[in-house]
Amino acid sequence: MSSAVLTTLYIGGVVSMAVLAPNALQVLGQIEKEKKRHRRERGVRDATIRLAKKGLIAFEERKGKRYMRLTPQGKRYIETLYGKGGQNLKRNKKWDGQWRVVIFDIPEKYRRKRDALRYALKRVGFTSIQKSVWVYPHECEEVVTLLKADQYLGKSVLFMVVKHIEYDMPLRKHFGF
């Protein structure tokens with residue numbers, strides 16, 4: 001009986017909200033999108049904090065803006081990942097079903113940085129699905145953060161974790177899934 005009362009109140013509340021404030025459901029949808037965006041940003045912030053605590057990155061102020069930079073220890077760490085040995089990035093034995101995607105939009109005047117980023121992503125083990133879209137199946141957020149800090153790329157490089165990529169069979173084949 002209590003579930004019927006709760007269900008009635010819930011449905012009545014949703015219907016009344018739709019009648020009294022027709023845009024309220026859209027607003028609720030926007031609130032949920034904002035929550036997801038904040039979770040993503042929190043993940044990047046947490047990775048940045050972890051790297052700073054490990055001494056791999058440091059922060060500096062330039063022209064009133066705060067930037068990350070690699071420390072010498074961070075450079076050594078990156079070199080062990082994609083130095084002479086090539087693809088040394090740790091891989092989980094079992095894939096978690098999520099793709100790690102790096103996208104970037106780096107202006108032509110920073111072509112060398114863009115090319116260096118592509119080269120580093122390739123050495124780490126990423127594969128390109130478009131010229132500025134790279135995919136990897138295992139955890140690598142800290143490595144991407146370090147690469148961004150190394151080249152001072154900031155917001156022109158975005159890191160995403162996605163559950164589905166359309167037509168991903170070539171990717172699965174490439175990574176042996």
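Between the side chain of Thr71 and the backbone N or O of Gly55 there is at least one donor-acceptor pair closer than 3.5 Å. Remark: side-chain polar atoms of Arg100 are paired, donor with acceptor, to backbone N or O of Pro137 under 3.5 angstrom.
Taking CG of Asp168 as the start and CZ of Phe175 as the end, the distance is 11.0 Å to the nearest 0.5 Å. From Phe159, atom CZ reaches atom CG of Leu147 across 11.0 Å, with rounding to the nearest 0.5 Å. We find the CD1-CD distance between Ile57 and Gln73 to be 11.5 Å, quoted to the nearest 0.5 Å. The line from CZ of Phe104 to NZ of Lys113 is 14.0 Å long, rounded to the nearest 0.5 Å. For the atom pair Leu117 CG and Arg112 CZ, the distance stands at 16.0 Å (nearest 0.5 Å).
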Could you walk me through whether Leu171 and Trp99 pass the side chain to side chain contact (heavy atoms under 4.5 Å, CB included) check? CA-CA 10 Å; Leu171 288 172; Trp99 296 105; 3.6 Å; yes
For Trp134 and Val157: C-alpha separation, side-chain torsions, deciding distance, then whether side chain to side chain contact (heavy atoms under 4.5 Å, CB included) applies. CA-CA 11 Å; Trp134 292 73; Val157 178; over 6 Å; no
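The pair Asp115-Arg118 counts as a salt bridge, with a side-chain nitrogen and a carboxylate oxygen less than 4.0 angstrom apart.
Between His138 and Tyr136, the two ring planes are perpendicular [angle over 60°; tilted spans 30° to 60°].
Counted within 6.0 Å of CD on Gln130, heavy atoms from surrounding residues, nucleotides or ligands total 12 or fewer; the atom is thus considered open. A 6.0 Å sphere centred on OH of Tyr152 holds more than 12 heavy atoms belonging to other residues, nucleotides or ligands.
For the side-chain hydrogen bond (donor to acceptor under 3.5 Å, both in side chains) test, residues two or more places apart in sequence or in another chain that qualify with Glu108 are Arg111, Arg114. Glu60 is linked by a salt bridge (Lys or Arg N to Asp or Glu O under 4.0 Å) to Arg62, Arg69, counting only residues two or more places apart in sequence or in another chain.
Put simply, the side chain of Ile165 reaches to within 4.5 Å of the side chain of Val101, judged on heavy atoms. Contact of the Ile103 side chain with the Met160 side chain is registered, since non-hydrogen atoms from C-beta on lie closer than 4.5 Å. Contact of the Thr145 side chain with the Val143 side chain is not registered, since no non-hydrogen atoms from C-beta on lie closer than 4.5 Å.
Residues in residues 154-167 take part in no side chain to side chain donor-acceptor pair (under 3.5 Å) pair, two or more places apart or across chains.
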